[in-house]
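Naming: A, B, ... by sequence-line order, numbering from 1 per chain. Excluded from the calculations below are hydrogen atoms, water molecules and symmetry mates; all remaining heavy atoms, backbone and side chain alike, are included. Note that the structure is a prediction, hence the values are computed from the model and not measured.
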Amino acid sequence: MPELPEVESYRLLAEGAALGRRISAVEVLDPRYLRSGNGIDVAGALVGHAFLAARRIGKLALLDTDGGATLGMHFGMTGTLLVDDRAGVDGLLYTAHDRSPVHERFVLRFADGGRLAMHDPRRFGRVEVDPDESRLGVDLLEVTPRQLGEVLGSSRAPLKARLLDQSLLAGTGNLIADEALWRAGLDPARQAGSLRPAEIRRLHRHLAATIDLLLSRGGSHLGDLLPARRPDGRCPRDGAALERRTVGGRTTFSCPLHQH
DNA sequence: ATTGTGGCCTGCCCGC
DNA sequence: TGCGGGCAGGCCACAA
């Protein structure tokens, strides 16, 4: 699913194509897609209003309306944002070949006849009005070395698990975590609190470089490690057989030769 | 409190 | 060719 680069492309799409258009209708095609713990009436909050700004915190896209309400969109593992049937990114696995309307879960109609839709075959995504933004930690694009040190803290959890904890560091997904740790030469399973200051700085540098690279390439699935993320995969750097494990509950590939 | 696990869903790929 | 099992980039509730 979308990691930060994909959600950023959705944000850019919304910013360029959805701002200033009056919303005329809300279609919740899948009732479970609505996360309505705060009891806010989605249609009531959106209809008649227009979006003023498109923001993003981690993997959460946020559209602020001129009525004061904010539409929050999570894309789960297979979600895509469509505006007037243009997609935010191409080449997303699982959805690239199939944008069948039956997989649309949430649609906004604009008074000008256009539409904004969330397409999500696997239905792990969610929409919510006025989501609690404080649930999310510092955004991966903005984290400082000092903040990264605080994210890791003295935790005994695996390093990778901490990087994936959205309440601490927002935006890191499984692929980006593997790619950055591979580049930084750090073992994903190491206790987070065991990193020395120099290693934290190194990790910060490689996280930043990784996200910049993937943003410029246009997708979290375009990393250098990704082609080797398969059985019998070999480290693109030194040719060693990659190790495949579950770390932090997620499938993890790493190089036993240069990641410590 | 922190850390780990199962479950949510659907589609694809592989092996039999 | 058909079918079952395993697997997938996220997140949440719950258990220990």
Side-chain angles (χ1 to χ4, degrees), chain A residues 1-10 29-37 56-61 72-81 88-106 118-128 131-132 135-137 140 151-182 188-194 210-211 214-215 217-223 225-233 244-253:
Chain A
M1 134 44 132
E3 297 192 27
L4 190 150
E6 287 75 24
V7 180
E8 176 62 12
S9 83
Y10 301 161
L29 302 176
D30 180 350
R32 280 179 302 179
Y33 216 66
L34 215 75
R35 177 172 170 152
S36 51
R56 180 194 56 73
I57 305 175
K59 303 172 202 171
L60 176 66
M73 297 182 286
H74 258 292
F75 295 91
M77 285 176 72
T78 55
T80 309
L81 182 68
V89 288
D90 295 320
L92 192 64
L93 264 68
Y94 303 116
T95 57
H97 308 297
D98 178 16
R99 292 244 173 78
S100 161
V102 307
H103 292 139
E104 290 182 358
R105 310 300 178 190
F106 180 82
M118 288 180 71
H119 184 274
D120 185 0
R122 211 169 149 186
R123 301 201 286 192
F124 282 179
R126 291 292 181 270
V127 294
E128 182 177 18
D132 177 10
R135 286 180 313 195
L136 296 169
L140 177 59
V151 165
L152 303 182
S154 56
S155 170
R156 290 186 298 177
L159 170 57
K160 180 176 169 180
R162 282 254 139 175
L163 297 179
L164 291 175
D165 187 334
Q166 302 298 301
S167 70
L168 300 171
L169 181 61
T172 320
N174 198 34
L175 293 182
I176 289 176
D178 273 10
E179 178 85 18
L181 290 168
W182 173 75
R190 252 181 80 177
Q191 289 191 357
S194 74
T210 297
I211 197 67
L214 296 178
L215 280 170
R217 289 184 182 174
S220 59
H221 55 294
L222 298 173
L225 177 65
L226 187 108
R229 268 180 126 267
R230 52 185 173 76
D232 303 323
R244 180 192 189 278
R245 291 172 290 176
T246 298
V247 178
R250 312 299 302 280
T251 297
T252 300
F253 285 84

Between [N] and [X], is there an OP1 or OP2 to side-chain N/O distance shorter than 4.0 Å?
| X | N | result |
| --- | --- | --- |
| A:Arg126 | C:dC12 | no |
| A:Thr78 | B:dT10 | no |
| A:His221 | C:dA8 | no |
| A:Arg244 | C:dA8 | yes |
| A:Arg35 | C:dC12 | yes |
| A:Arg162 | B:dT3 | yes |

Between [N] atom [atom2] and [X] atom [atom1], what is the distance in whole Å?
| X | N | atom1 | atom2 | value |
| --- | --- | --- | --- | --- |
| A:Leu164 | C:dA8 | CG | P | 14 Å |
| A:Leu168 | B:dA1 | CG | P | 15 Å |
| A:His74 | C:dC12 | NE2 | C1' | 11 Å |
| A:Arg135 | C:dC12 | CZ | P | 6 Å |
| A:Asp165 | B:dG4 | CG | C1' | 13 Å |
| A:Leu136 | C:dC12 | CG | P | 9 Å |
| A:Glu3 | C:dA8 | CD | P | 14 Å |
| A:Phe253 | C:dG9 | CZ | C1' | 13 Å |

Remember a base hit wins even if backbone is also touched, and classify A:Gly249 as base, sugar-phosphate or nothing at under 4.0 Å, heavy atoms.
-> nothing
Reckon A:Arg105 touches a base, only the sugar-phosphate, or nothing at all at heavy-atom distances under 4.0 Å?
-> nothing
Closest nucleotide among [options] to the [X] side chain:
| X | options | value |
| --- | --- | --- |
| A:Ser155 | C:dA8, B:dC9, B:dT3 | B:dT3 |
| A:His103 | C:dG9, B:dT10, B:dT3 | B:dT10 |
| A:Gln166 | B:dG4, C:dC11, C:dG9 | C:dC11 |
| A:Ala157 | C:dC11, B:dC8, B:dG4 | B:dG4 |
| A:Met77 | C:dA8, C:dC11, B:dC9 | C:dA8 |
| A:Arg122 | C:dA8, C:dC11, C:dG9 | C:dA8 |

At their closest point, which heavy atom of A:Asp178 faces which heavy atom of A:Arg229, and how far apart are they?
-> OD2-NH2, 2.9 Å
Please report the closest heavy-atom contact between A:Leu140 and A:Leu169, naming both atoms and the distance.
-> CA-CD1, 4.0 Å
Examine distances only and state if a side-chain atom of A:Glu3 and a backbone atom of A:Leu175 form a donor-acceptor pair shorter than 3.5 Å.
-> yes
Polar side-chain atom of A:Arg123 near backbone of A:Tyr33 as donor-acceptor pair, under 3.5 Å |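 A pair under 3.5 Å: no.
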Between A:Phe124 and B:dC8, do the rings stack, that is, sit under 5.5 Å apart with planes less than 30° off each other?
->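 So A:Phe124 counts as stacking on the base.
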Separation between the P atoms of C:dC14 and B:dC9, rounded to whole Å |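 C:dC14 and B:dC9 have their P atoms separated by 15 Å.
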Can you tell me how far P in C:dG6 sits from the matching atom in B:dG6, rounded to whole Å?
-> 14 Å
Do A:Glu128 and A:Arg135 sit within salt-bridge range, that is, some charged N less than 4.0 Å from a carboxylate O?
->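 Yes, A:Glu128 and A:Arg135 are salt-bridged.
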Crowded around A:Asp232 CG? As in, over 12 foreign heavy atoms under 6.0 Å?
-> no
Watson-Crick or G-U counterpart of B:dC13, or none if no pair lies under 3.5 Å =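 Checking every strand shown, B:dC13 finds its partner in C:dG5, with both distances under 3.5 Å.
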